Visitor: 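Next up is a structure, given as structure tokens.
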Amino acid sequence: MSDATNHNPAHNPAQPGPLRHFLQFRDFSRAEIEYVLGRARLIKDKFKRYKPHHTLHDRTLAMVFEKASTRTRVSFEAGMYQLGGSVIHLTTGDSQLGRAEPIEDTARVISRMVDLVMIRTFEQTRIERFAAHSRVPVINGLTNEFHPCQILADIFTFIELRGDIRGKTVAWIGDANNMAYTWLQAAELLGFTLHVSGPKGYQLDPKRTGQVDPQVLREFDDPMQATQGAHLVTTDVWTSMGFEDENEERRKAFADWCVDAEMMAVADPQALFMHCLPAHRGEEVTSEVIDGPQSVVWDEAENRLHVQKALMEFLLLGQLPSE
């Protein structure tokens, strides 16, 4: 059989629409985010009923890990298999990304052999350079600057349990890291308010945020004020990957930014607690909170699987008719 009859995008890069990437949350419009979240609901429902959903049959995902991960690998790998596709897993030991050849050349080669690429790496510029020379969609599995797939899962979880997030308040307690900046993009796009509190020296950088509507972002020196009336309280480890040498310094600086029962008590009575994991009990959150009734961290972790399936499907097939 001639190659000309094979319509796999690995051989024929034509897409159902313009080539799209998901490198940061605001790469999608509000309507597109809402579509992906709605599609994730359908996909999750079918998954729970053991009903096959093989919309990406014969498609291949390449996963490139320059930063190790448990949840990102399992959720993307299981998700692609559940959609009927296959997966290639690459680490820095397996690939030449930015080492023996330029990132641009690696992108040109890999994207001729697969249909979709997920990269978990360091600087955002690395994934942007890869995407600029890729013939297929590229997904940000995490960079130093952004973590859009996690926030997509977090928002899906909130909507699933509490309804529309528009007009609600999300309190981010801790380091102004990739999660915090992605929450800010989501707040601007989806119409909720983000409260942020962290110790001096670890707060949002105005050069990165620019001028933000006070209805979207409010910053607090006191974490108790930030959580006041919040509908969702969320945090992350105090020391992100790559900053391990600052661990002791950070433990001292963040001592008052541990999410505990007292902090949750001033939030909305129906407030949820989230954490992207892995968690350090007794540091950024107490056991009482993360293992308590308001915590939805395990739902949140599972939902990475479902929203990423919807995301991969959207990037490859565009919007599909409702089933």
Side-chain angles (χ1 to χ4, degrees), residues 9-10 13 15 18-29 32-33 36 59-77 79-80 87-154 176-186 189 205 207-208 236 240-243 276 304 307-316:
Q15 297 289 321
L19 178 62
R20 300 290 300 277
H21 305 296
F22 191 57
L23 308 185
Q24 50 185 299
F25 202 86
R26 65 183 176 204
D27 282 346
F28 285 5
S29 68
E32 289 168 336
I33 292 289
V36 171
R59 303 295 181 96
T60 302
L61 165 71
M63 303 190 301
V64 182
F65 287 90
E66 291 194 297
K67 283 188 176 184
S69 171
T70 301
R71 281 155 295 279
T72 297
R73 177 176 178 180
V74 173
S75 58
F76 270 106
E77 191 162 340
M80 193 60 176
V87 180
I88 298 170
H89 175 247
L90 299 169
T91 65
T92 49
D94 305 316
S95 69
Q96 304 287 341
L97 191 62
R99 293 188 301 122
E101 71 179 3
I103 291 172
E104 292 81 0
D105 290 358
T106 304
R108 290 182 178 105
V109 172
I110 290 178
S111 67
R112 282 175 175 262
M113 300 179 180
V114 302
D115 303 281
L116 190 63
V117 180
M118 185 284 297
I119 301 179
R120 184 176 172 97
T121 186
F122 294 91
E123 297 81 9
Q124 183 77 6
T125 53
R126 293 177 69 76
I127 198 169
E128 289 173 351
R129 287 167 59 196
F130 189 102
H133 294 84
S134 173
R135 289 158 52 113
V136 300
V138 177
I139 297 172
N140 181 352
L142 174 144
T143 61
N144 292 347
E145 289 84 358
F146 300 110
H147 199 357
C149 291
Q150 182 65 57
I151 301 305
L152 200 61
D154 293 359
N177 62 7
N178 51 6
M179 288 284 290
Y181 285 104
T182 309
W183 270 115
L184 178 56
Q185 288 192 353
L189 195 65
D205 182 355
K207 292 178 182 176
R208 285 191 62 186
D236 194 2
S240 297
M241 192 179 298
F243 295 91
C276 61
R304 283 284 299 276
V307 298
Q308 288 165 186
K309 283 192 283 187
L311 172 65
M312 291 189 289
E313 183 188 78
F314 174 67
L315 287 171
L316 285 174

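Small disclaimer: the values here were computed from a predicted structure and weren't measured. Starting from 1, each residue takes its place in the sequence as its number. Computation of the quantities below employed the complete heavy-atom set of this structure, encompassing side-chain atoms and omitting hydrogens, waters and symmetry-equivalent molecules.
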Visitor: Who are the salt bridge (charged side-chain N to carboxylate O under 4.0 Å, His left out) partners of Asp27, not counting sequence neighbours?
Guide: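 With sequence neighbours excluded, Asp27 shows a salt bridge (charged side-chain N to carboxylate O under 4.0 Å, His left out) to no residue whatsoever.
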
Visitor: When rounded to the nearest 0.5 angstrom, what is the spacing between CD1 in Ile127 and OG1 in Thr143?
Guide: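 If I round to the nearest 0.5 Å, the distance is 6.5 Å.
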
Visitor: Looking at CZ of Arg120 and CG of Leu142, how far apart are the two atoms once the value is rounded to the nearest 0.5 Å?
Guide: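 Separation between the atoms: 4.5 Å.
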
Visitor: Quick one: list whatever passes side-chain contact (heavy atoms from CB on, under 4.5 Å) with Arg73, sequence neighbours left out.
Guide: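 In terms of side-chain contact (heavy atoms from CB on, under 4.5 Å), with neighbours along the sequence ignored, Arg73 is linked to Met63, Phe65, Glu77, His89.
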
Visitor: Let me confirm one number: the OG-CG distance from Ser111 to Leu19, rounded to the nearest 0.5 Å.
Guide: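 So the OG of Ser111 and the CG of Leu19 are separated by 9.0 Å.
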
Visitor: Could you tell me if the side chain of Leu116 sits less than 4.5 Å from the side chain of Val136, heavy atoms only?
Guide: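 Contact flag for Val136/Leu116 side chains = no.
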
Visitor: Using a 4.5 Å cut-off on heavy atoms from C-beta on, say whether the side chain of Lys67 contacts that of Asn144.
Guide: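 Touching, per the 4.5 Å side-chain cut-off.
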
Visitor: Using the ring pair (Phe, Tyr, Trp, His ring centres under 6.0 Å) criterion, which residues pair with Phe22? Sequence neighbours excluded.
Guide: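 Partners of Phe22 under the ring pair (Phe, Tyr, Trp, His ring centres under 6.0 Å) test: Phe28.
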
Visitor: What pairs with Arg108 under salt bridge (charged side-chain N to carboxylate O under 4.0 Å, His left out), at least two apart in sequence or on another chain?
Guide: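 Scan of Arg108 (salt bridge (charged side-chain N to carboxylate O under 4.0 Å, His left out), adjacent residues dropped) gives Asp105.
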
Visitor: Do the side chain of Gln185 and the main chain of Arg26 share a donor and acceptor less than 3.5 angstrom apart?
Guide: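 Between the backbone of Arg26 and the side chain of Gln185 there is a qualifying donor-acceptor contact (under 3.5 Å).
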
Visitor: Answer yes or no: is there a side-chain heavy-atom contact under 4.5 Å between Asp154 and Met179?
Guide: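 Touching, per the 4.5 Å side-chain cut-off.
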
Visitor: Salt-bridged, Glu66 to Arg126, with N to O below 4.0 Å?
Guide: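 Salt bridge flag = yes for Arg126 with Glu66.
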
Visitor: Please tell me if the side chains of Leu23 and Gln124 come closer than 4.5 Å, counting only heavy atoms from C-beta onward.
Guide: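 In short, these two side chains touch, coming nearer than 4.5 Å.
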
Visitor: What is the minimum heavy-atom distance between Ala107 and Phe130, and which atoms define it?
Guide: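 Answer, listing the atom of Ala107 first, then Phe130: CB-O, 3.3 Å.
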
Visitor: Hey, could you give me the CG/CG distance between Asp236 and Asn178, rounded to the nearest 0.5 Å?
Guide: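 Reported value, rounded in 0.5 Å steps: 7.0 Å.
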
Visitor: Can you find a pair of side-chain heavy atoms, one from Phe146 and one from Ile151, that are under 4.5 Å apart?
Guide: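 In short, these two side chains do not touch, never coming nearer than 4.5 Å.
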
Visitor: Could you work out, with salt bridge (charged side-chain N to carboxylate O under 4.0 Å, His left out) as the rule, every residue matching Glu313, not counting sequence neighbours?
Guide: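 Expected list: Arg39.
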
Visitor: Hey, could you give me the CG/CE distance between Leu311 and Met118, rounded to the nearest 0.5 Å?
Guide: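 Leu311 CG to Met118 CE: 11.0 Å, rounded to 0.5 Å.
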
Visitor: Under the side chain to side chain contact (heavy atoms under 4.5 Å, CB included) rule, what do Ile88 and Thr60 come out as? Steps first, then yes or no, please.
Guide: CA-CA 7 Å; Ile88 298 170; Thr60 302; 4.0 Å; yes

Visitor: Roughly how far, to the nearest 0.5 Å, is the CG atom of Leu315 from the CG atom of Leu61?
Guide: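 Leu61 atom CG to Leu315 atom CG measures 11.0 Å (nearest 0.5 Å).
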
Visitor: Any non-hydrogen side-chain atom of Val307 less than 4.5 Å from a side-chain atom of Cys149?
Guide: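 Sidechains of Cys149 and Val307: no contact.
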
Visitor: Within a strict 4.5 Å, meaning less than it, do heavy atoms of the Glu123 and Arg129 side chains meet?
Guide: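 They are not in side-chain contact.
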
Visitor: Are side-chain heavy atoms of Phe76 and Met312 found at a separation under 4.5 Å?
Guide: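 When only atoms from C-beta onward are counted, Met312 and Phe76 do touch, with a gap below 4.5 Å.
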
Visitor: Who pairs with Ser29 by side-chain contact (heavy atoms from CB on, under 4.5 Å), at least two apart in sequence or on another chain?
Guide: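 Ala31, Glu32.
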
